[in-house]
Structure formats: C-alpha cells, structure tokens
J.: 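This is the structure I want to talk about, given as structure tokens.
As the structure is a computational prediction, the values presented were derived from the model and not from experiment. Below, chain A is the first sequence line, B the second, and so on; all start at residue 1.
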Amino acid sequence: MIRNLIIGAILSSLVLLAALVSFVWTPFDHTAMDIPAKLQTPNTDHWLGTDHFGRDIFSMVMVGARTSIAVALVAVGIGMSIGIPLGLTAAARSGSWLDELIMRGNDLVFAFPSLVIAILITAIFGAGAVNAIIAIGIFNIPVFARITRGASLSLWQREFILAARVSGKGPARISAEHILPNIANLLIVQGTIQFSLGILAEAGLSYVGLGAQPPTPSWGRMLADAQTMVSFAPHLALIPGSAIIVTVLGLNLMGDGLRDWLDPKLRVTRT
Amino acid sequence: MLRYSLKRLLSLILSLAVASLVIFFVIEVAPGDPASFMLGINAQPDTVAALRTELGLDQSKFARYANWVTGMLHGDFGTSYTYRTPVAGMISDRLWVSLPLALYALVLSTLIAFPAGIFAAARRGKGGDMAVMGATQLGVAVPNFWFAMMLVLIFAINLRWFNAGGFAGWDKGLWSGLHSLTLPAISLALPQAAILARVMRSALLDILGEDFMRTARAKGLSRRQALWRHGVRNALIPVLTIIGLQFSFLLAGAIIIEQVFYLPGLGRLVFQAISARDLIVVESVVMLLVFAVITVNFLVDLAYAAVDPRLRSRT
Amino acid sequence: MSLLDIQNLSMSIVGVPILQHVSLSVASGEIVAVTGESGSGKSMTALAVMQLLPDIAQASGTVSLGGTNILDQSEAQMCALRGASIGMVFQEPMTALNPVQTIGDQVMETILIHKAMPKAKARQHAQDVLERVGLPADRFPLSRFPHELSGGQRQRVVIAMAIALRPKLLIADEPTTALDVTTQAQILALLKDLVQDYDMGLLMITHDLAVVADLADKIVVMRRGKVIEAGPTQDLLTNMQQPYTRMLFAASNHQVALPPPPKPKPLLQVKDAVRDYALPRTSLFAAPGHYRAVKQVSFTLNRGERLGLVGESGCGKSTLTRAILGLEPLQGGQILLDGQPVTPTQGADMQRKMQVVFQDPFGSFNPRHRVDRLITEPFYLLTDPPKGRARQNLIAETLIAVGLSPNDATKYIHQFSGGQRQRIAIARALITRPELILFDEAVSALDVSVRAQILDLLADLCESYALTYLFISHDLNVVRTITDRVLVMKAGEIVEQGATETVFSAPQHPYTQSLLAAAPKLPELSKGVITA
Amino acid sequence: KDSIIVAMQLEPPHLDPTSAAAGAIDSVLYSNVFEGLTRFMGDGAVVPGLAESWEISNDGLTYTFTLHGGVAFHDGTTLDGEDVKFSLDRARAEDSTNAQKALFAGITDITVVDPQTVKVTLAEPNGNFLFNLAWGDAVIVAPESIDDIKTNPVGTGAFKFTNWVQGDRIDLTRNADYWGTPAVLNTATFKFISDPTAAFASVMAEDVDAFISFPAPENIPQFEADPRFQVLVGSTEGETILSTNNKQPPFDDVRVRQALAHAIDRQAIVDGAMFGYGTPIGSHFAPHNPAYLDLTANSAFDPEKSKALLAEAGMGDGFTTTLHLPPPSYARRGGEIIAAQLAEVGIKAEIINVEWAQWLETVFRGKDFGLTIISHTEPMDIGIYARPEYYFQYDNKGFQELMTDLNATTDPAKRIELMQQAQTIISDDYVNGYLFQLAQLSVAKAGVQGLWSNAPTQATDLTAVSWAE
Ligand SMILES: Nc1ncnc2c1ncn2[C@@H]1O[C@H](COP(=O)(O)OP(=O)(O)OP(=O)(O)O)[C@@H](O)[C@H]1O
Ligand SMILES: Nc1ncnc2c1ncn2[C@@H]1O[C@H](COP(=O)(O)OP(=O)(O)OP(=O)(O)O)[C@@H](O)[C@H]1O
Ligand SMILES: [Mg+2]
Ligand SMILES: [Mg+2]
C-alpha cells in the first residue's frame, strides 16, 4: 500500500532530519550538565525536559538519532557487503561443495544466540558503538546471504540466464549483470527491515550497557538510565522509547510499502 | 524419510563439532581471569596461582578443549569456576525455568498470531486487516524490555495481580509456576506474535491465490470454509519455519527479560557467567543453545513432512 | 429449453470492459466449445457462470441455469449450486489440487460439503467416481496424495471432483492444455463419455481448434470480450462468416514453404550421447544413484538442414539441448560441432557457433535491459565485437530482419507483445550469425495467429540466411511444416528418424504411430475458405 | 510473623567465605551462619565472637584465645581448638585460596593448648590483629564439612543453611542449638535481584520484606514517602575515589593531580550520581571513624585554580586520558559527571565502561589506565597507600614508614594520631581524587526491626531481626 510508504518515509525522514540537524544545531549542548536543574518536565526552556544530570533531553534525542542510524546503517552495510556476495556465490555454484559450505556456515551463525554473542564480543573487545556494529553486523550476514541465494536460485532457472550462458558469460559476470540488478528491490526491502531491527538491537545492547559509550547519547542508554526513574519521571523513558518506536515503525512501514510498490510478488522474510 | 533424517543428523553432528571449536576458542580469548575475579583486589599472586591450579586453568587450551569435549560426550559439562558445582546440574536447573518460559511465550504468541493473521488475511484490505496490521507494526516496533517495564508497573505494582518478578518454582504446583512466568511470557510473546501474525497473513494470501483454492470454491465451499480447510494447513509451512526460529530465539534471547523479572533462567546464568569469566559455563550454555537451535530446525524439518506429504517421500 | 443460457453478459473491471454482450447457451447432453485467442474473455465468461469473478468485477445481463438467474443469487445460494449443479475443471492439473490432502478427501469434500450423503457412503461414492474417471481403487487408493500422480491422473481427479454430484452443467477451462497429446486424447474421450452417460451440458473452453472441431456440438468464437461467431460445428466450419474466424483456423494449420536444403555435409554430430542426473544418495553409504535422461542418442545434423525433434513432455528434449549447447557435461558419448568436441569448458570460438531460442517469451530476457543490450549479449563471445556505428547498424539490420523497427532498440522488453518478444529472441540468436540455432519449444507459448507469423519469419530467414537449426516441439503440426527431417524421441531414446514427410505419413515405430494418432487433427477445410 | 525475605543485588558465587572475595558471600553468611573468633558489630566495633576472651602478651606477639564452651557446628560436631587451628592454618597455607591471605601473614604459629584454648604467635606486633580476625575471611570452619563447604556451608551461627536455588535464593532456618542468644526469626530467605528496576518493583510489589543496599538512590524518596516502608540510611566502609595512575604521565606530576582534585565538584557528584546520599571526603578515610579528619577543603572545587595548575604543569592546553568505569552506578554515573567536569578544565577523559573481570585485568593488575572510579569497601584500608605496587602506584617512603609504625602501635591515642597524619599526607599529595563515602541505603517494610543500617563489613546480620507487633 502506497500509504504505508508515504507514512513510513515521512517518519523515517523526520528522524533522519533530526540526526542531520544535530550536526550543526541542537537547542543545548547535549553533554552539558546542570545537576541542580535535573529531572525537569518538558517546559519552554527545555522542550522535552532534562534528565537526571540536568542535560537537555531534546538535544540528546537528536544526537541519539545519529548514533542509532549510524550503528544500524553500518551494521546493515556489513551484512550486505559480505552476505550478498556469499549468497550470489552459493547460488551460482548451487549444489556444489562451496554452496554447501556457505549455507552450512550460515546455518551455524544463525544457530548462535545473537544476544549472547553480542555480549561476548563486547566482553572481549570492550563495550562501544563499533563493537555493537560488529555484533549486529555479523548476524546480518546470513540473513542477506540466505535471501540473496534464495532469490538468485530461482533467477538462475530463468531462460535469460541460460541465454547469457550461451553467450559465454561466466557465473561471476552473470551474477553481477543479471542476478544482482534483479534482486536489488528485494535486497533494498530486506535492508530497511534489517535497518529497523538494527536500531532495536542497538537499543537492546545499550540497554544492557554494551552499546555506544557516554558521553555519546544513545536512545537505548537513555532508556536504560531512565528505567529506575519511570515511577517519578516517566517522560525520561517515554521520550527515547517513543523515538525508537517511531523510527522502527517508520522503517517497517517504509519497507512494507516499498515491497508493495516495487513488486507485489516479492517475498521477504522477517524474523 | 529415514534417509533424509540420517543425512540431517550427520550435518547436525558436524555443525555441533564446528560450533564447539568456534565457541571454545572465541570465548577463551576474552580478557579477564576467573581466578582473579574470584579472589578480588586484595588477593596475593600466589593465591591466584593456587586457585588457577585448583580450577585446572593452568593446563593448555587444547588440553582443556579436549577435556571439555570428551566430558560433554559423557554428559559431563565440567565444573563451574565460580559456583564450583557441575555445570550440567546448573544448566538443567535453569532449563526448568527457561524452557517452560520459551514454550509458554511460544504458545501465547501462536494463540495470538494465528487468529490475528487468519482474520487479517480473510479481510484483506478492509478495516479489520488494517487494524491488525497496524497493531503488528507497533508490536514489532516496541522494544520488549520497555514493554516488560510497563507490564510490571501496571500489573505488579499498581494492580498487584502478579509478582514483580522471581520464579515460584514448580514444586509449589503448576499454577504458581505458570503464574510467575506469565508477565515475562507476555512481554516475550507480543513482538513474536506480531511477526508471526504477519507471516501467517502473507502466507495465507499467497495460498489464496493458488489454483486449488479456486477449485475448492468451485466445489461449493464458501470463502471462509475454503480458507480454513485448504488455506491454513498449506500456510503452515512458512509459519512453521518462523515458529522454529522464534523458539530458539526465545530460549536464548530472554536474557534481558530474565533480568527485568529476575528469573533464574539460562540467559541470566550466561550473563553472570560472562561477567565472572566463568568460561566453562558460558561455553556449555552457548553449546547447548546452538544444539537446541539446530535440533529445533531439525524437528521443524520433520514437522514440514508431517504437514506436507510431498516432503515425506523426499529423498 | 437450454440448460445454461447466457444473455447479454457484460462485465468490466475498474471501468475496463472485459466482456461485452456475451450470449451463448448450452443444452443438456451438449458440448459447446468456446474458442478464441488469449485474453479474449473465455475464462471470464466461465467464471461469471460460477460467480467466482474477482471482487472488483461488475457484471450485468442474465446467466440463467435451469431458469434461475445466477447473477441474482446470494453467495450462500451460489455455494449450494457450485459443485452440486455446476462443476468446473481448470487448466492446470499440477496446481488445481490441494497438495496436502489425499485425493479421496478432496473428492469426498464435494459430496460432504453439500451434505449429499453420510460420510461412509460418500467414501464409497468417491471411490466409484474415481473408478469412473479411470482411477480404480486397487491401483489408486483414496489415500494417495496429488504429488503421487501424473499430470493426466491429476486431471482425472479434478474431473472426478467436478462430477461427483453429477452436476447438470460442467465447465472445463482449457482442461488439456497442460497435458501431452496422448494424455490429452484420453481426457477428451473421458469428457465426451461423461457427457453421454450423465446427460450433462459441457461448456468447454479451449484455444486448440483441432480439439474444438473434434469434440464440440457447437462452437462459439470470442474476440476482445465479444462473441463474434457461433453455430453448430459443421455449419461453422464449412461456412465461416467472420474473417477473424477464418484467420484463426488458417493460422492453426499454417504451412510454410522452406527453401530446399543444400547437399548433406555434417555440421553437428551426436554420438551415443548419455546424460545422467545425479540423484541424492539413497543411504548414507551407498553411492548416489542417477537418472538417465538421455540414453545413447546418436544423430547427425547437416549444414543448412532443418531438423525437428518431437516427443512427449519429459522425454529429454531440453536436456539434450543443453548438452548440445555445452551448458552441461555428458556422461557418455560425444557431441561434435564442425568436427570439434562440445564441452562445458569449450572456448568462445566454439560457443559462438551456436545460439538458442527458448519457449518462454517472458522469461528469456532480463527485464532491466534495453533491447539493444539484450540482443547484443552474444557479442561477448566475439574477440572483436563491432562498436559505435557498426554496432548500431548491425542492431538495426537484425531488428529489421526479424520484422521489428530499429527504433525498438531503446525499448524495454515489457513494452512488447509475446510474438514481438519471440522475434527479439530470434534477433539475439541471429546477431552473431551462428552456424547452428536451437529452438526449444520456441512457438509453443504463442497464440495461433502469432505462431503463424513466427513460422513465416523462420521460413523467410531460411531463405535469406540459410539457417541450420534443430527445432524442438511437441506440436506435430508445427514440426511437420518447419523441418526437413525429424527425430522422434521417447524416454531418452530416439526411436525413429527420417525425412519429415515420410515419418508423418508412414510412421514405422509404434510410438510414433500412437503419437500421430492421438494428435487432434483439423478437418480438411476447403482451400477456398482458408484465405486469411 | 517469624520469617523474612531479604533481597540483595548480587548472588554469592559459592558459599565459602574463606576462599573468595565476593562480598555477597559474607552478605548472606557472615554472623548468620559463620562466626569468627571476633566479630564486627553494626557500629563497626570489634567484639568477642567465638572467643570468649583473650590475652595479649606484653610484647604484643602472642594472643591466647579462650573459646566459648558448648559451641557446636550445625552438623552436630563440637567446636574446639583444633577447628580454630585448622581454619587459620588453612587460610595461611601455601596453597590457600583465601582472598585476604594478607590478614594472616603475620602469624608464625598456632598451638592448641587445650580444647578451649588456642595460642597464636605473631612475627611482629600487629595492632589490627583482632580486627583482622573479625573479617568474614577469618571465620571458623570445621574440617569435617570443608569438602562441601561451597554448596553446603556448615558453621556455628544462629542460622543454619537449608537450601540454595541458584540464580534465585538462599534459605536459612533458625539454629535451635545456638550457643548464644538465639535468633528471633524462624526462617530467612535471601533473594538476588541485580537489576535496579526489578529491585524497585520487587519492593513496591512487596515481593520482598527488605532490600539491603538498594541500588537506585533515586528511588529512596519514594520509599520514604510511603508509610509501608522504612528507609535505613547508613554508611559503609567504601571510600569512593577517583583513582589516579600516579606513575602515568601527566599524573606523575603532583600539580596535575591537584588540578584534577580542584576540577571536581564533589557535591554535584553526590547529588547527581547518588541523589544526595553520601558524605564528601577529602582523604582515604571513613567519616564515621573516630580518627577521621575533614580534609575536603584541601581539594575544594575551584576550576580556575585547576586551570592555573595545569598551565603551571605545562598542560595548559589540557590533555586526554582514559576513565575506566566498573559496573556499579556510583562509578558509571559518577564517571559521566566527572568526565563532564574535567572537560570544563580542558581534560578530556574518554569513558571506558568495563566489567569487573576486565577491570581487574586491565586496571588493577595491568595498571593500564589513567583514571578509574571505585569504592574501596574494605574497612580501614588506608594501608594500601603503603604498597607502591598497588594499582594506583603511589610510592612515598615516608608514608610507608608511617604505616609500619601504625601497625606496630597498639596505644589507641597514638594510633589516632598516626592515622590522622596518614590522611593528611595522601590528601596533600593528591594521590587520588577523594569523592565521597558510599552510603548504605536499605529499604524494609515498616515492621522490620533490628537490621544493621551501617555496613562496617559486608554483612546482613539477621540474628537480632524481628517483626514489630
Ligand atoms: N483480475 C483481473 N483484473 C483485471 N483484468 C483481468 C483480470 N483477470 C483477467 N483480466 C483481463 O480480462 C481479459 C479476459 O481474460 P480471460 O482470462 O477471460 O482470457 P482468456 O480468453 O481466458 O485467455 P487465455 O486463453 O489466455 O486463458 C484479459 O484482457 C485479462 O487481461
Ligand atoms: N536437474 C535435473 N535433475 C534431475 N532430473 C532432471 C533434471 N532436469 C530434468 N530432469 C529429468 O530429465 C527428464 C527429461 O527432462 P527434459 O527437461 O529434458 O524433458 P523435455 O523433453 O524437455 O520435456 P518438456 O517437453 O516438458 O520440456 C525428465 O524426466 C526430468 O524430470
Ligand atoms: Mg483463460
Ligand atoms: Mg523441455
């Protein structure tokens, strides 16, 4: 439905806009503390109030959008840049030992409990945005590999691929010239979905203290910091919580809308 | 069928072997030493060395890997560095919380998702469909720990219908056990239900476009009869895949929820074990989880065959 | 009074008229065939009778079944009619059955849903009906699943479902299009018998005029949502009023004149070719089994010769094609082109000598490329492909050769009709001037009129380019006119070969004989009529 | 009502207080299940425990302990001198895994004079010896039950261990045969709730009767306002400090360390991180100790002075360093505030959140850090400044001699004087940033009485706890 696409695009671009504007302007310095002015409810000065250190929540949410988007985007980038070539290779060599190896490897990565591994990665390399990206990115790889292979396999059965083979083109060339452009839509749609999952995952990791590190604000950490104060300062949790929901909702709607708009017959798995 | 199962079994064993290697050596590079963690900041170096000897940490990595693997083959997962009790026992205690919780959440999510997905598919494009789909969008977008927090505020603190957390144990009866798992199960189930409902809907919509649905209508079945008799079972295949994935996720992914509801489950065990560098526990739990996922996938494959006769004769 | 009477049926979808004032009638015991080219509204008419039109369709007029106007019936009343009073058989037997239910359950469902009899009796009845359509319970127990049956057998199950309650009217929408000729003949015979036994009315939709002429009592010809001509079969065949009808019949039996082949000089030699498909292991330790799709096939194709390959579905025709193209390895024997062996690892110089045209005019092209890029794909094989103007000229020349315009070079494939796409496919095969072209079911998916045009094009090209090709088809009529020599293939083996006319007029092998016998034939129409 | 459910954040890794540093073990078992020769009281005083009395030889080298009569372990075996000798020998043995082995370092010999009398000989006089014996790591265990001690602790206390559901709770029941004043409660359950939100919820939902050392100070006002609950605010032995790597440039320059001290606004940290709970300190000493000197003025908040000092040290443009923060919220929150405050004077502290295991490895043992925040919870631990190899690497001969003197001194007045000197030296040397004394915040239902409000050691002594009528 095109309406989904529009609503989703508006929500997502609002968030993107906030992130971009935060580079040049925020109402306050997002790191500036003013402890006597802590825990203010929204007012004319601080539009969304202040947190337990007296920082301006509006500014933090804006900069937090930057963190969330950056982490999720790079994680999706990792997943795509490794997963898609793997999937293409597996499909081109379908049935061979290489295909088997790639797919079994995929299953294995899938089988690992992602959150536990994410915690381990941060335990090994230390908490931080970069490691959160790696942790989320690793689990994006099999998602893209699998969906790429699945979609490519059916394309490899198509006669225009046979025609290309008759024209002497090798698997690599065919993958790049014929397969990839034809599954691009599918990958873009899956990309938006993984992107939204990435934002949720970053929030979850930050919530347990393994995401971006202070003073870089992150929605998940704002939420985690606020959790004990929900009972007397609910806006502290509601605001970053809503930011996450709006972003994820926007991206999902956009993904759904894109899928319907680009090709109603696209199959997208989302887990 | 048997041949197929055998083949799957072989790849299962191979996967586990590779997994054990990966797990062991990845986890072993984590900085931090269980012995110094146990003994704290006033410990003297010789005390730490003594504890390392006692824990067997002075052996080479390969020797320890070999011990661990051979032990596991005999059902012996080793002894926890911090708790100093057999890991197998600890895990099985925790499983009595995590497994029922995962199952409970799965049942809830299925009970919500099936009717919702079928309802939406049957009313494709109408108000009911929009409402259900809108709700699922929201369900996917709400972080579950946040949702859990809200549940506790409302149902435990304000209404006092449930405990804020903790697990009553099964010895006090099935009911009190389930009661203490209800809020955690709901917070785990809802996002999963949203996903499952969407899968159910789209699978059904695919099926609705199939020729045999038209054949069914031509026989005189009403739209609804056709949907239930011919649609749902065929739609089960993609849905089963997702259910399988979700179960493994629920088993391993409840860490944060277990934290919020202070449940003595596997997730919290592994979380604690990581921070205490109780590596053998971490390794064994991860191994178990990998095993569970692979086994569940295996079972899902067998379940496909039960649902889809075409696969029964598959070579 | 007739059983089914459609009067002035019009139907539109979001304002687009699909059916316009369609009128036709079917009496008990009568077979009425509806024919016409693809998209003419045949299926829509049938669905209107069943009231299974898409939700967005708007219908007007009357469709009366035994006196009641179906268009006025409520959905519940329609449910009671469907399956009980009107049965329907669809084209695709592979997908018309629920894959997860046994055939017994599916046939019984028709009975049970109308509460015609208790369960135990329904079971017996289902068994009887299946027996009636030629699926006796001792060989085909009710507990079989659809995937355990062949296409023809599945179509019988679909028919059994449709006739289980002896409906007064049976609608069959292209019931045999997906089947091979021998099976098609059996199913048509079965339908004819059922009409006689049960005194049903049969509304039969098909685009195959040979079938129509063979089977129907009355013929209705549709074009662009309108009935343009209708009448009893004999009258209509002998006295066609509409040019379109005449054209349709002419095209079905289209003949082309090929230039005579040059002196035999071998181009392609296939010697004892064997192609095995590996099957998954049967047990963990046993060696993997294999399925032999091509068994010791040998033949020679001479330069300038047009060779046909016929045989029913699954006999190994496409497999052989892929081996000749060097896309898949042989497990035995040899294929020589110009005396050089063909292998999957062959160099570009070998590959350049062959091109191929496939069946599916939709699937043969990358939808994201423009026509110029599509047809020049084989340039990849050339060491020194033409560039710039030379390339433009060659593209234009080739497009003109296949009857398109040079301007088409910048269009995308979805901007063309099926026949035009097949022309583009031929252009792609032609552009590097290969010595051999393989046509794998290259006209099977086309409407009769379009098919006739493509056949003409091929004949023209033979004239101007002296083509050598292997033409693969299961359509005997087509092969008969477009080839000089023919191979008959059965289950991976070549059972007969010879000059086309000889084989068709005096088949030697029993399989060839049965194949020819099963193929429906158009009646010999007087030459005067066929002048489209 | 004769039972109680007490919650705390951390679960003991195992139940042997003599072979792990985890405070959680003592929190559950100290005084409840295990007792030592001496013991701490709620106010920090050291009083006789299993030892009824003792005599100290004039040279201060020999302690002769007389044990209480009729003391039995929970498994029925009686406590005698052999058990005491076994316990102390085990703690100081070569292969001992006692986390505080240093407490016993001075012991040269232990002799059992008779079943009720044990003589301990020291190498040199030690003013802290009786205090040392009061630690949880010095409790008396029996050789008969030592093998299973990690899962089935057998002590002499007023409560017996009954059950441990790992990850969830530990159950104790009253020891009917207790040698001293028996416990009032019949049973006690310890529950482990690490998440601060869950802690809040569990108290609010009345799932637990008391929460010892409540982790979220921000919630305390709510409990105070709620008549269902009482809040116990006490102090701990935890000096919360901004530990500074004295060997790492530029912190090897005392002016830089002083600049650091003046850049920090303690009150803001107490307010922001602890929501007002905690006493600012100016040196490494607990304010409730009689020897405490208030030296906070020595490092008053003065950013201008701080900048001036930095300039003087050639660091006028500021510098970059690391700030390692272990998990507790005092460190994580305090660290964020300190980083912001240091930024004001041009010091860029990069926050690195670490787990304890990592902290121990990199900061404590690897000494690979610039700054870190930690609460030193061991009682009377100013002695760590006399250990040049200790992680903050403060090496001052004068201070080391002072500590040796202090150890050898038993005269209380003299000891106070020496301790005050010590406080002044490290304050003047700005060894570390001294922040505040960690408060002990506990919440209990209104009817609970007899809980310790202070935490002189990590203990939850339930022996005197009861419910008001
Ligand atoms: N759901 C639909 N929405 C809009 N147009 C439709 C729909 N289904 C069919 N049509 C259009 O209705 C017209 C008639 O279609 P119909 O299926 O009756 O053709 P047909 O004669 O059966 O052709 P064929 O021989 O290919 O089966 C076509 O132009 C087709 O594009
Ligand atoms: N990849 C494969 N693996 C195993 N068996 C195959 C494979 N491809 C084809 N076959 C089998 O080989 C036989 C010949 O197939 P082929 O596609 O060559 O038939 P065909 O004569 O072209 O039929 P049609 O007219 O339906 O196109 C069939 O029985 C088919 O099932
Ligand atoms: Mg049709
Ligand atoms: Mg074929």
J.: Is any NZ, NE, NH1 or NH2 atom of the basic residue among C:E75 and B:R217 found under 4.0 Å from an Asp or Glu carboxylate oxygen of the other?
T.: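 Yes.
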
J.: At a heavy-atom separation under 4.5 Å, does C:I86 approach chain B through its side chain, its backbone, both, or neither?
T.: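 Looking at C:I86, just its backbone touches chain B.
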
J.: Select one option (side chain, backbone, both, neither) describing which atoms of C:Q51 are under 4.5 Å from chain B's heavy atoms.
T.: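 For C:Q51, no heavy atom lies under 4.5 Å from chain B.
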
J.: For atom CZ of B:R223, is the number of surrounding heavy atoms from other residues, nucleotides or ligands below 6.0 Å larger than 12?
T.: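 Check fails, neighbour count at 12 or below.
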
J.: Sort out for me which of C:C79, C:A164, C:G87 touches chain B most, counting heavy-atom pairs under 4.5 Å.
T.: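 Most heavy-atom pairs under 4.5 Å with chain B: C:C79.
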
J.: Heavy-atom cut-off 4.5 Å, strictly under: side chain, backbone, both or neither for C:L52 against chain B?
T.: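 Contact with chain B is through the side chain of C:L52 alone.
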
J.: When only pairs under 4.5 Å are counted, which of C:M78, C:M88, C:Q101 shares the most heavy-atom pairs with chain B?
T.: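 Sorted descending by pairs with chain B, the first entry is C:Q101.
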
J.: Which atoms form the tightest heavy-atom contact between C:P167 and C:A162, and what is the distance?
T.: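 Heavy atoms only, the tightest pair is CG-O, 3.2 Å.
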
J.: In terms of side-chain heavy atoms, does C:T319 have a donor or acceptor partner in C:R275 at a distance below 3.5 Å?
T.: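 There is no such pair (donor and acceptor under 3.5 Å, judged by atom type) between the side chains of C:T319 and C:R275.
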
J.: Could you have a look at C:M161, C:Q106, C:E109 and say which one has the most heavy-atom pairs with chain B under 4.5 angstrom?
T.: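 Of the candidates given, the most pairs with chain B belong to C:E109.
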
J.: Anything under 30° is parallel, anything over 60° is perpendicular, the rest tilted; go ahead and classify C:F145 against C:H147.
T.: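 Ring orientation, 0 to 90° scale: parallel.
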
J.: How about CD on C:Q58, more than 12 heavy atoms from neighbouring residues, nucleotides or ligands closer than 6.0 Å, or not?
T.: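 No - once you tally the heavy atoms of other residues, nucleotides and ligands closer than 6.0 Å, there are 12 at most.
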
J.: Looking at C:A84, C:P99, C:G83, C:A76, which one has more heavy-atom pairs under 4.5 Å with chain B than the rest?
T.: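 The answer is C:P99.
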
